[in-house]
Amino acid sequence: MSVRTRFAPSPTGALHIGGARTAIFDWLFARHYGGKFILRIEDTDQTRSTEESIAEILDAMIWLGLDWDEGPFRQSERLSVYQSHVEKLLETGKAYRCYCTPEELEARRKKAQSQGKVYRYEGKCRNSFDRACPEPAEGLTTGLKSHLENSSFAVRLMTPEIGSIVVEDLIRGTITFDAKEIDDFIIQKTDGFPTYNFAVVIDDVTMNITHVIRGDDHIANTPKQILIYEALGYETPKFAHVSMILGSDKTKLSKRHGATSTVAYREMGYLPEALVNYLARLGWSYGDQEVFSKEELVEKFTLDNVGKSPAVFNPEKLLWLNGLYIRNKPAEEIAKLVIPFLEKKGFQVTLDERLIKIVESLRERAKTLVDFAEAADYFFIEEVKYEEGAKKKFLTPEALPIFETLIDKLSSLNDFTIPEMQRIFNEIIEERGLKLVKVAQPVRVALTGGTVSPGIFEVMDILGRDKVIERIKKAVSYISNN
RNA sequence: GGCCCCUUCGUCUAGAGGCCUAGGACAUUGCCCUCUCAAGGCAGAAACACGGGUUCGAAUCCCGUAGGGGCCGCCA
């Protein structure tokens with residue numbers, strides 16, 4: 001059978017960066033082997049699941065370019081599937097109804113904990129009368145029948161008391177659990193919803209999932225799930241548990257460490273291919289290679305090169321990769337991407353040759369699209385604002401004669417081209433015996449307001465003669481008045 | 001506490017018993033380039049958690065120890 005993987009987030013918040021990495025591995029694995037990738041929403045928690053989260057997760061998946069072949073399926077729409085499987089288990093005596101109340105259970109758990117013990121369900125309802133009479137028999141008075149149907153119960157799986165459960169993990173090898181560690185856990189809640197472990201198994205079975213690739217926080221669930229497969233008589237899929245992503249202090253990555261939501265990275269000006277590249281390399285490697293296109297990842301990704309140890313999320317490396325992608329992507333595409341960021345700053349922008357020139361000049365100084373938009377403001381605002389230190393240092397009386405001859409020479413220029421500008425600057429520095437920097441810096445401040453920008457001729461070229469002269473004149477009057 | 005997982009430079013990692021004087025990348029330091037800042041180039045500092053085995057030989061295999069992490073719900 002061909003490979004089928006799935007990504008199954010629970011919609012209780014944004015798509016976490018760690019979830020995104022898992023999704024990438026699942027997607028890559030499916031694509032590498034020419035299989036199918038299925039998206040499934042685990043929304044059986046009625047109180048915590050939200051529509052907004054679902055929308056955001058889908059949005060993030062699309063942004064990352066992780067297209068799915070089937071789904072998104074929702075567990076909440078598959079209740080009857082779970083229930084029929086529970087029925088089957090009840091009929092075959094592999095599961096039983098439990099009438100213990102959550103309060104009772106909680107009290108027993110507390111008591112065990114206070115004695116320093118782990119609480120495991122002791123099987124109180126395991127041998128109750130209920131098993132012998134699983135269904136309200138025909139002919140009961142309607143009153144009694146509805147009483148039985150309405151009395152609330154959960155359903156527990158009857159688990160083996162001795163033996164061991166073995167997980168063959170594609171990444172970690174054999175992991176063995178003692179059956180004693182696993183109690184008769186609940187597979188269907190009082191509200192009729194399946195519990196997570198049960199729903200996962202039923203879904204993976206009915207969706208013919210061949211490889212379950214997920215976070216290693218699920219390792220402890222795996223023996224329980226295997227027990228469900230066995231009770232139902234189904235074959236288990238292959239399991240592969242990927243290590244988690246940690247924060248800089250080596251604890252589970254959380255908001256404390258910075259942004260953890262995937263779409264937050266879009267807002268911070270990251271390119272999806274950079275994030276995917278970064279995340280794929282977190283826990284997976286291919287020799288010494290660091291940069292991979294999506295196609296290359298698909299071609300080269302296998303579980304063989306996935307490491308076992310948890311990885312610390314390193315924002316600097318992501319930033320570096322993002323800068324790399326910004327520098328290497330066609331300028332026109334960067335231009336398109338940067339427009340919303342410029343608009344957010346209140347600039348009117350259109351995708352034209354000028355914008356592309358701006359991209360070409362600024363891209364290698366920007367590590368994110370936000371950086372870019374910030375560095376580009378002097379190309380869009382009317383009035384240049386001088387930075388405090390910059391004007392103090394460079395807009396001085398010594399700059400006046402330079403500015404004045406510059407205005408002269410630029411005005412009389414036939415062609416306002418970069419070689420011509422260079423010629424003029426050379427004339428000035430030769431006449432005055434200056435270094436280029438002595439001219440370029442004051443001009444830079446006059447044109448951009450700061451001391452950092454692309455090459456001065458590029459800036460002049462983009463601004464155009466009128467703006468350049470206008471801004472130099474403004475600097476002249478600023479110096480004269482101060 | 002119980003169970004499970006993990007352990008090579010600060011970080012991501014290469015490493016499948018001799019190729020290791022442990023390689024690459026980010027970050028970091030210095031130099032070069034240079035109109036500023038970047039980008040780029042060159043050079044440097046920086047790691048096999050510890051202790052026992054096995055072996056002629058161990059970062060690689062085994063066993064302990066220590067440290068870190070995860071899970072222990074009618075949450076997913």
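Bear in mind the structure is a predicted one, so any value in this text is a computation, not a measurement. Side chains are part of it too, since the values below use all heavy atoms of this structure and drop only hydrogens, waters and symmetry mates. Naming convention: chains lettered A, B, ... in sequence-line order (proteins, then strands); numbering from 1 in each chain.
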[N] versus [M] - spacing of their [atom1] atoms, nearest Å:
N: B/A16; M: B/G53; atom1: P; result: 26 Å
N: B/C3; M: B/A58; atom1: P; result: 34 Å
N: B/C63; M: B/A46; atom1: P; result: 34 Å
N: B/C12; M: B/G2; atom1: C1'; result: 33 Å
N: B/G51; M: B/U60; atom1: P; result: 12 Å
N: B/C33; M: B/G41; atom1: C1'; result: 8 Å
N: B/A22; M: B/A47; atom1: C1'; result: 9 Å
N: B/C32; M: B/U21; atom1: P; result: 34 Å

(Q) Counting only side-chain nitrogens and oxygens, does A/Arg327 get under 4.0 Å of the OP1 or OP2 atom of B/G40? (A)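 Yes, within the criterion.
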State the pairing partner of [N]; accept Watson-Crick or G-U wobble contacts with both distances under 3.5 Å, and report none otherwise.
N: B/A43; value: B/U29
N: B/G17; value: none
N: B/A58; value: none
N: B/C3; value: B/G70
N: B/G64; value: B/C50

(Q) Does A/Leu447 form a side-chain contact (heavy atoms from CB on, under 4.5 Å) with A/Ile456? I'd like the steps, not just the answer. (A) CA-CA 9 Å; A/Leu447 298 183; A/Ile456 196 65; 4.2 Å; yes
Q: May I ask you to check whether A/Asn322 and A/Tyr265 show a side-chain donor-acceptor distance below 3.5 Å?
A: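 No, because no side-chain N or O of A/Asn322 sits under 3.5 Å from a partner of the opposite role on A/Tyr265.
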Under 4.0 angstrom, heavy atoms only, what part of the nucleic acid is [X] near: base, sugar-phosphate, or nothing?
X: A/Glu42; value: sugar-phosphate
X: A/Gly450; value: nothing
X: A/Ser453; value: base
X: A/Thr451; value: base
X: A/Arg172; value: sugar-phosphate
X: A/Pro454; value: base
X: A/Phe457; value: base
X: A/Ser49; value: nothing

To the nearest angstrom, how far is [X] atom [atom1] from [N] atom [atom2]?
X: A/Leu253; N: B/C12; atom1: CG; atom2: C1'; answer: 14 Å
X: A/Ile456; N: B/C35; atom1: CD1; atom2: C1'; answer: 8 Å
X: A/Gln422; N: B/U34; atom1: CD; atom2: P; answer: 14 Å
X: A/Asp288; N: B/C26; atom1: CG; atom2: C1'; answer: 14 Å
X: A/Asn314; N: B/A25; atom1: CG; atom2: P; answer: 15 Å
X: A/Ile429; N: B/U34; atom1: CD1; atom2: P; answer: 13 Å
X: A/Phe372; N: B/C37; atom1: CZ; atom2: C1'; answer: 15 Å
X: A/Glu364; N: B/U36; atom1: CD; atom2: P; answer: 14 Å

Could you tell me whether [X] atom [atom1] has more than 12 heavy atoms of other residues or ligands within 6.0 Å of it?
X: A/Lys409; atom1: NZ; value: yes
X: A/Glu104; atom1: CD; value: yes
X: A/Lys438; atom1: NZ; value: no

Looking at [X] and [N], is any side-chain donor or acceptor paired with a base atom of the opposite kind under 3.5 Å?
X: A/Lys308; N: B/C6; value: no
X: A/Glu290; N: B/G24; value: yes
X: A/Arg365; N: B/C37; value: yes

[X] has a side chain; which of [options] sits nearest to it?
X: A/Arg281; options: B/G23, B/G2, B/C12; result: B/C12
X: A/Ile219; options: B/G24, B/C26, B/C4; result: B/C4
X: A/Val312; options: B/U7, B/C3, B/C12; result: B/C12
X: A/Ala311; options: B/C12, B/C75, B/G23; result: B/C12

Within the 6.0 Å centroid threshold, strictly below: [X] and [Y]:
X: A/Phe198; Y: A/Phe185; answer: no
X: A/Tyr325; Y: A/Tyr270; answer: no
X: A/Tyr278; Y: A/Phe313; answer: yes
X: A/Phe29; Y: A/His211; answer: yes
X: A/Trp284; Y: A/Phe25; answer: no

Q. When you match A/Glu316 and A/Arg444 each to their closest nucleotide on RNA chain B, which lands nearer the 5' end?
A.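 Mapping each residue to its closest nucleotide by heavy atoms, the 5'-most match is A/Glu316.
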(Q) Need to verify one output field. Residue with the more 5' nearest nucleotide on RNA chain B, A/Leu282 or A/Pro11? (A)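 Per heavy-atom nearest nucleotide, the more 5' residue is A/Leu282.
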**Q.** Per-nucleotide protein contact string for nucleotides 65-74 of chain B, where B marks a base within reach and S marks sugar-phosphate only (heavy atoms under 4.0 Å, - for neither)
**A.** ----SSSSSB
Q | Single hit among A/Arg214, A/Lys238, A/Arg40 for salt bridge (Lys or Arg N to Asp or Glu O under 4.0 Å) with A/Asp204 | A |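 Testing each of A/Arg214, A/Lys238, A/Arg40 against A/Asp204, the sole residue satisfying salt bridge (Lys or Arg N to Asp or Glu O under 4.0 Å) is A/Arg40.
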